[in-house]
Amino acid sequence: MPEGHTIHRLARDQRRDLVGRPVRASSPQGRFAAGAARLDGQVPLATDAWGKHLFHTFASGDVLHVHLGLIGRFRRRTSPPPEPVGAVRLRMAGAASTWDLSGPIVCAVVTPDRVDEVVGALGPDPLRPDADAEAFVATVARRAAPIGALLLDQRVVAGIGNVYRAELCFLAGIHPATPGRDLTVEQITRLWDLAGQQLRLGVRRNRIVTVDPAELGVPPSRVRRADATYVYHRDRCGRCGTPTEVVALAGRRTWACPAEQPRPG
DNA sequence: CGATTATGATTAA
DNA sequence: TAATCCTAATCGC
């Protein structure tokens with residue numbers, strides 16, 4: 001679920017649902033009892049996404065910092081909400097909608113200074129209008145690490161995860177093991193542009209569909225999960241049918257099409 | 001019903 | 001590189 005598109009979509013939806021009116025905060029599961037008690041009754045003024053980090057700034061100056069990690073999830077319910085389902089770390093109830101958070105890797109009340117620290121450690125986020133594309137290009141062009149590892153490194157570019165890294169390399173026709181410094185400026189710029197396009201599509205659809213739905217002849221909403229990517233987690237390339245190659249990069253598996261992403265060298 | 005897996009990231013070794 | 005944390009869905013027996 002959670003790559004950058006998920007977080008930016010959540011920011012947008014939760015901004016509309018929660019900002020400007022007091023929220024009722026609670027921790028049905030109990031693991032965030034003190035934080036929820038502190039936020040209860042406070043008025044969120046702004047909600048912001050940076051890469052995979054989500055921030056809610058309250059009128060008091062308190063900031064709620066959430067990172068979903070691998071398994072974290074927000075579920076929207078109608079207010080007043082029904083009994084929580086599963087392990088709900090934080091429930092934020094607004095006037096018409098309630099958001100239930102489970103399984104986050106980070107859920108904390110922090111100061112604006114801490115926000116600066118977190119954001120300062122991130123590379124440019126293609127979903128932010130002010131993102132510094134040049135910085136991404138310059139970083140990748142100088143690094144010897146494989147592009148498949150650099151794309152997962154949040155200090156290089158913020159918001160890309162295991163699905164998008166595989167798919168972006170495929171869409172650019174680049175093998176993920178290619179060292180960053182062996183790529184041309186045009187190739188790196190192409191990766192940046194594709195990242196922005198794909199992440200924006202992800203925000204709009206609220207899911208990752210990197211295949212061109214026209215190639216499948218169905219609307220995006222009816223693309224099955226297993227068909228939604230060209231190479232990620234697939235045995236065969238979704239475009240040409242060639243058996244995919246599995247590569248371990250940055251400690252995780254990624255996939256490539258040997259026919260359309262020739263190995264470097 | 002237990003094991004495995006997952007779109008993440010940090011810490012220890 | 002491996003262990004670890006968070007949770008829930010899915011898979012195999």
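The basis for the numbers below is simple: all heavy atoms, side chains too, and nothing from hydrogens, waters or symmetry mates. Each chain gets a letter, A, B and so on, in the order its sequence line appears, and its residues count up from 1.
Distance from the side chain of A:Arg75 is smallest for C:dA9 among the nucleotides C:dA9, B:dA9, B:dA6.
One can place CG of A:Leu70 at 17 Å from P of C:dT4, the figure rounded to the nearest angstrom. The distance from atom CD1 of A:Ile105 to atom P of B:dA6 is 17 Å, rounded to the nearest whole Å. One atom, NE2 of A:His67, and another, P of B:dA9, lie 4 Å apart when rounded to the nearest Å. For A:Leu68 and C:dC5, the CG to C1' distance is 15 Å, given to the nearest whole Å.
Residue A:Gly103 is classed as a base contact, given a heavy-atom separation below 4.0 Å to a base. When heavy atoms are screened at a 4.0 angstrom cut-off, A:Glu167 is found touching no nucleic acid atom at all. Here A:Arg207 lies out of heavy-atom contact (under 4.0 Å) with every strand. Note on A:Gly72: nothing from the nucleic acid sits closer than 4.0 angstrom, heavy atoms only.
Nucleotides C:dC5 and B:dA13 are separated by 13 Å at their P atoms, to the nearest Å.
Under a cutoff of 6.0 Å and an axis angle of 45°, A:Arg239 and A:Tyr230 form a cation-pi pair.
Phosphate proximity of B:dA9 to A:Gln154: present, with a side-chain N or O under 4.0 Å from OP1 or OP2. A close approach under 4.0 Å does not occur between any side-chain nitrogen or oxygen of A:Arg165 and OP1 or OP2 of B:dG8. Using a 4.0 Å cut-off, no side-chain N or O of A:Gln29 falls inside it from OP1 or OP2 of C:dC6. Between A:Arg89 and the phosphate of C:dC6, there is no side-chain N or O to OP1/OP2 separation shorter than 4.0 Å.
B:dC1 is paired with C:dG12 under the criterion used here, namely a Watson-Crick or G-U wobble arrangement in which both key atom distances are under 3.5 Å. Using N1 to N3 plus N6-O4 or O6-N4 for Watson-Crick, or N1-O2 and O6-N3 for G-U wobble, each under 3.5 Å, B:dT10 pairs with C:dA3.
Defined by atom type and a distance below 3.5 Å, a donor-acceptor pair is missing between the side-chain atoms of A:Thr47 and A:Gln14. A donor and an acceptor atom, one from each side chain of A:Ser79 and A:Thr98, are located under 3.5 Å apart.
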ask   = Checking side chain to side chain contact (heavy atoms under 4.5 Å, CB included) for the pair A:Arg91/A:Arg24: CA distance, chi angles, key distance, verdict?
value = CA-CA 8 Å; A:Arg91 161 169 277 182; A:Arg24 297 311 312 260; over 6 Å; no
task = Would you sort out whether A:Leu10 and A:Trp99 count as a side chain to side chain contact (heavy atoms under 4.5 Å, CB included), showing the intermediate values?
result = CA-CA 10 Å; A:Leu10 284 170; A:Trp99 288 89; 3.6 Å; yes
